[in-house]
Structure formats: structure tokens, C-alpha cells
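None of these values were measured; they are calculated from a predicted model. The sequence lines fix the lettering, A, B, ..., with proteins before strands; numbering per chain opens at 1. Because only heavy atoms are used, hydrogens play no part in the values below, and waters and symmetry mates are left out as well, while side chains stay in.
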2 protein chains.
Amino acid sequence: MSRETKSRLTPTETTRARILEAGMRCFAREGFAGATTRMIAAEAGVTLPVIAYHFGNKEGLHRACAQEIIEQHRRRLLPLVSAAHEAANKGSLSATEARDWLDRILDALVEAITADAEQRLTTDFVLREMSEQGPGYALLFEGLWSPGIGLVADLLAIARQRRPGKEEERAGAVMLLASLSAFTTIEPVSLAVLGWERLDGSRRDTVMALAKRLLDGLVGR
Amino acid sequence: MSRETKSRLTPTETTRARILEAGMRCFAREGFAGATTRMIAAEAGVTLPVIAYHFGNKEGLHRACAQEIIEQHRRRLLPLVSAAHEAANKGSLSATEARDWLDRILDALVEAITADAEQRLTTDFVLREMSEQGPGYALLFEGLWSPGIGLVADLLAIARQRRPGKEEERAGAVMLLASLSAFTTIEPVSLAVLGWERLDGSRRDTVMALAKRLLDGLVGR
DNA sequence: CGTCACCCCTATCAGTTGATATATTTCGTG
DNA sequence: CACGAAATATATCAACTGATAGGGGTGACG
């Protein structure tokens with residue numbers, strides 16, 4: 001379970017890290033059932049049993065990937081999210097300020113979605129897990145998804161000058177974020193519909209503007 | 001390929017129909033890769049080779065399911081869709097009329113989403129296929145998805161009093177429909193977030209109202 | 001130098017899956 | 001009833017998957 005080693009980045013740790021990264025890529029691309037342990041091992045440059053040695057089994061690796069993603073996002077998004085959450089909870093947030101927070105969050109999400117494949121790894125992993133609900137689902141739901149929806153819902157409530165906690169706001173938050181799945185889960189389909197090859201510069205702006213208009217509708221302008 | 005029999009519903013045809021239905025259920029529930037031919041055969045009450053006898057192989061069955069869905073939807077939605085499409089193409093549609101059509105389409109979609117499991121079969125099948133892009137993908141994309149998006153995009157353009165065909169409207173249509181995936185692809189997740197058990201009466205109204213508000217945002221009220 | 005824990009590999013297993021060769025049944029038709 | 005074609009079942013195959021038993025190499029430490 002705990003793998004504290006005295007010196008950092010021993011050869012063992014780099015092997016473990018390589019497997020973890022290969023697992024992320026494969027799971028994000030193929031899903032838990034679709035990714036084979038041989039595929040992961042090959043991509044990590046190791047042989048099959050090494051995975052079991054470090055992570056127990058395929059499920060263990062999947063959970064470890066989910067945990068890694070949660071910690072990455074905590075490191076990256078914690079300042080943004082905790083500040084917003086704190087302000088929202090204190091009740092010291094005006095409607096327009098809440099709307100600003102929502103804009104910023106949407107910006108960050110569209111940014112994450114339109115990033116290059118390497119950066120989209122975690123996004124793809126998480127969204128795929130929300131559809132499949134594999135071994136890492138519970139971790140991601142509790143550690144990432146549920147709190148994220150909660151934050152957006154609270155901000156929505158403040159922006160609409162209602163008291164938070166209502167189901168309506170949570171459902172709205174869920175649907176708003178789901179609208180972005182057009183360019184994640186079913187991205188190739190959407191790109192084919194639009195005749196786009198990928199989501200570069202000006203097209204990202206288009207998507208961003210559309211997300212803002214959807215938000216407008218939710219907030220009631 | 002062609003299986004025209006003179007008399008209707010010969011025992012052979014009912015076997016074929018049972019397999020088709022079992023395939024729909026299994027593919028909708030587990031996806032193309034996840035559903036096993038044995039699972040389908042058992043659910044249809046036949047043995048393995050019968051599937052191959054009627055459909056060639058697993059891929060053939062999957063394509064046949066996709067084809068069946070397309071024809072079902074054509075029969076069911078053709079009056080609605082073709083009337084809307086015709087009106088949209090003739091340019092004889094006012095902005096408010098276009099908005100009415102969009103409302104009606106959203107109603108129908110939310111209705112389809114919140115129906116019981118049996119009725120959601122085709123919806124689940126289609127959406128799963130948009131994510132996985134299995135053997136039946138091309139059929140569903142050309143026969144259902146792409147024209148559907150096109151219709152919504154054209155109506156959106158008219159409702160906004162722009163000329164149709166712009167990428168912006170198509171992207172908006174894609175995102176609007178994707179927002180509904182909150183209660184299809186990732187339905188269990190959303191229900192867990194909301195503390196709901198299922199999407200019954202009043203909750204369906206909530207979702208419907210939210211979809212309308214998202215549409216408001218797209219149209220610009 | 002010995003040895004012992006740690007790390008990684010080769011080889012192999014049992015279970016599952018899609019497919020099919022072959023046998024049996026069913027049924028219309030003469 | 002006879003017979004042949006269509007429809008279904010039995011038995012089996014090769015490929016693949018997750019897992020692991022067992023061996024070898026390496027380095028820290030006495």
C-alpha cells in the first residue's frame with residue numbers, strides 16, 4: 001500500500017511511474033475493460049508481472065491512476081476551487097462575482113478540453129470513468145466530480161440570487177458540464193458533424209462563447 | 001443479405017427478431033466489445049451459431065441493430081422531423097416558429113430519455129455508439145445523428161435570425177444535445193449527485209425546464 | 001565475501017471469447 | 001410417406017486475457 005522510499009526517484013520509482021503513466025494513457029483511450037495489461041506493460045516498457053508486483057492487479061493500477069489524477073487536480077486546481085468555495089460558503093459573494101467565478105471555471109474547463117492529447121489524458125480518464133464506473137469510479141466521484149458539481153451549483157445559486165442547495169441548481173450544473181462532453185466523450189463525432197479536424201484557436205473561442213451562452217441561459221442573463 | 005419471405009412472422013423470422021432484440025439490449029447495456037455473443041444468445045433463447053447463421057457474425061448483428069434503430073426512428077419521427085426540415089428549408093419559418101419547433105424537439109428528447117428502460121434501449125444504443133464508434137457507428141451517424149444535428153442547427157439559426165449553415169449554430173446544437181447526456185450516458189452519476197433515484201414526474205419537469213433555459217441562452221432569449 | 005531483500009523476467013495456466021465444422025431437427029413439397 | 005433444404009444444436013478450436021509460479025540478477029550491508 002504505502003511505498004515510502006528514502007531516496008526519491010530510485011529506479012523502482014521510475015518504473016512505477018512509467019506504469020502509472022502508461023495505465024493512464026491506455027485506460028483513458030480504451031477504458032478499463034478495453035485496456036489489456038499486456039498493452040499497458042508494453043507501453044510502459046516492462047513485462048506483465050511487474051504491474052502485479054507494483055499494483056497488485058489491474059484494478060489496483062486503475063485505482064492508483066484515479067488517485068494520481070485526484071492528487072494532480074488538487075495540486076493544480078486547489079487554489080482556484082478552494083477560494084471560490086470559501087467565498088461561496090461565507091455568503092460574501094455577489095451575484096456578479098459568482099458569475100465571474102463561473103466564467104473562470106468554464107474557461108479552465110474548455111482550456112483543459114481543448115488541450116493537446118497529452119494534457120487531455122486525465123480529462124478523458126475521468127469522463128470515461130463516469131460512463132463506465134470501473135474500479136476507480138468511487139474515488140473520482142467523491143474526490144473530484146461531486147465536489148466540482150457542488151461548487152458550480154452553489155455559484156449558480158448565488159449568481160441567480162437564490163439560496164444554494166436546491167436540486168435545480170445542481171441539475172443545472174450537471175447539464176452545463178455535460179454540454180462540454182460534446183467535445184470530450186463524443187469529440188470525434190462532433191468534429192465530424194462540424195467538419196473540423198481539431199479544436200484549435202478560433203474554434204476554441206467559438207466553443208467557449210457557446211458555453212458562456214448556455215451559462216447565460218442557466219443564470220437567466 | 002435480403003431476407004424477404006412471403007409469409008410474415010415465420011418461426012425463422014421470430015427467431016431473427018428475438019436475436020435482434022436481445023442484441024439491442026446487450027449492446028445498449030454493455031457496448032459492442034462488452035456484450036458477448038453467448039450473452040446475446042442466452043438472452044434470445046438460442047444457441048451460439050444461430051447468431052452467425054442469421055447475421056454472419058457479431059459485427060453483422062450490431063449493424064443490423066443499428067439499421068433497425070434507424071428504421072424505427074424514421075417511422076416514429078419522420079412526420080415531426082420532415083415537417084420541420086421542410087419548413088426550415090423553405091425559409092417560410094419565423095423566428096418564434098423555429099423556437100417552437102426547438103421546444104417540441106427538446107420535449108420529445110427529454111421524453112425519450114426519461115422513459116422506462118425498455119423504451120430507452122434505442123437511445124442508450126445510439127449514445128453508446130457515439131462514444132465507442134463500433135460497427136454500427138457509420139450507419140447511425142449518417143442516418144440519425146448528423147441529420148438530427150443539422151435540423152436543430154438550422155432551427156437555431158432561424159430562431160436567432162441568422163442565415164443557416166454557420167458552424168456556430170451546428171456547434172451550439174451539438175452542445176445543447178450533449179447537455180442531455182447528463183441523464184443518459186452518465187445518468188447514474190448525475191442521479192447520485194442529485195440524490196435522486198430515478199427521473200420521475202416532477203424531476204423530469206425540472207430537467208425539461210433546464211433544457212429550455214439552456215436553449216434560451218443559445219437563442220439569446 | 002556471503003546473503004538477503006528487492007526487482008524484474010520467462011514460461012505457463014485457466015478462463016473467456018468469437019467463430020465454425022459437423023450432426024440433428026424441422027418443415028414444406030411432391 | 002419420402003426427401004431435400006432450411007434452421008438449430010453439439011462440440012470444439014484458436015486467440016486472447018488476467019494472473020502467477022518460479023528463476024535470475026542486482027545492490028545494500030554485515
What nitrogen or oxygen pairs link the protein and nucleotides 23-26 of chain D at under 3.5 Å?
none

Exercise. According to the ring pair (Phe, Tyr, Trp, His ring centres under 6.0 Å) rule, which pairs have a member within residues 14-42 of chain A, sequence neighbours left out?
Worked result: Phe27(A)-Phe32(A), Phe27(A)-His62(A), Phe32(A)-His62(A)

Exercise. Can we say Glu30(B) and Arg128(B) salt-bridge, meaning some charged N sits less than 4.0 Å from an Asp/Glu carboxylate O?
Worked result: no

Problem set entry | Touch class at under 4.0 angstrom, heavy-atom based, for Ala35(B) against every strand present | sugar-phosphate

Exercise. Taking atom types as modelled and ignoring hydrogens, do the side chains of Ser131(B) and Thr185(A) form a donor-acceptor contact shorter than 3.5 angstrom?
Worked result: no

Exercise. Taking OP1 and OP2 of dA7(D), is either one under 4.0 Å from a side-chain nitrogen or oxygen of Thr15(B)?
Worked result: no

Exercise. Any salt bridge between Arg76(A) and Glu71(A), counting N to O under 4.0 Å?
Worked result: no

Exercise. Starting at CE of Met39(B) and ending at C1' of dG18(C), how long is that distance when rounded to a whole Å?
Worked result: 13 Å

Exercise. Between atom NE2 in His54(A) and atom C1' in dC8(C), what is the gap in whole Å?
Worked result: 8 Å

Exercise. Distance-only, no hydrogens or angles: does the Ser82(A) side chain make a donor-acceptor pair with backbone N or O of Leu78(A) under 3.5 Å?
Worked result: yes

Seminar exercise, completed: The residue, Gly45(B) or Ala33(A), whose nearest nucleotide of DNA chain D is more 5′ is Gly45(B)

Exercise. What's the CG-C1' distance between Leu61(B) and dA19(C), to the nearest Å?
Worked result: 14 Å

Exercise. Does a donor on one side chain and an acceptor on the other come within less than 3.5 Å for Trp145(B) and Glu129(B)?
Worked result: no

Are there any protein N/O atoms within less than 3.5 Å of an N/O atom in nucleotides 19-22 of chain D, and if so, which ones and at what distance?
unit_1  : atom_1 : unit_2   : atom_2 : d
dA19(D) : OP2    : Lys58(A) : N      : 3.2

Problem set entry | Pair assignment for DNA chain C - dot-bracket with | for other-strand partners, Watson-Crick or G-U under 3.5 Å | ||||||||||||||||||||||||||||||

Exercise. Under 4.0 angstrom, heavy atoms only, what part of the nucleic acid is Thr36(A) near: base, sugar-phosphate, or nothing?
Worked result: sugar-phosphate

Exercise. Can you check the Ile51(B) CD1 to dT20(C) P distance for me, whole Å?
Worked result: 13 Å

Seminar exercise, completed: Rounded to whole Å, the NE2-P distance (His62(B) to dT17(C)) equals 17 Å

For this session: Considering only NZ, NE, NH1 and NH2 on the basic side and carboxylate oxygens on the acidic side, decide whether Arg38(A) and Glu43(A) come within less than 4.0 Å.
Result: no

Problem set entry | Tyr53(A) side-chain N/O to dC8(C) phosphate OP1/OP2 under 4.0 Å | no

Problem set entry | Nearest-angstrom distance from the residue atom CD1 of Ile40(A) to P of dT17(D) | 11 Å

Problem set entry | Note: Asp124(A)-Arg25(A) ion pair, threshold 4.0 Å (strictly below) | no

Exercise. Salt bridge (Lys or Arg N to Asp or Glu O under 4.0 Å) with Arg198(A): which residues, sequence neighbours excluded?
Worked result: none

Exercise. Under 3.5 Å, is there a donor-acceptor pair between the side chain of Arg213(B) and the main chain of Leu218(A)?
Worked result: yes

Problem set entry | Lys166(A): salt bridge (Lys or Arg N to Asp or Glu O under 4.0 Å) partners, not counting sequence neighbours | none

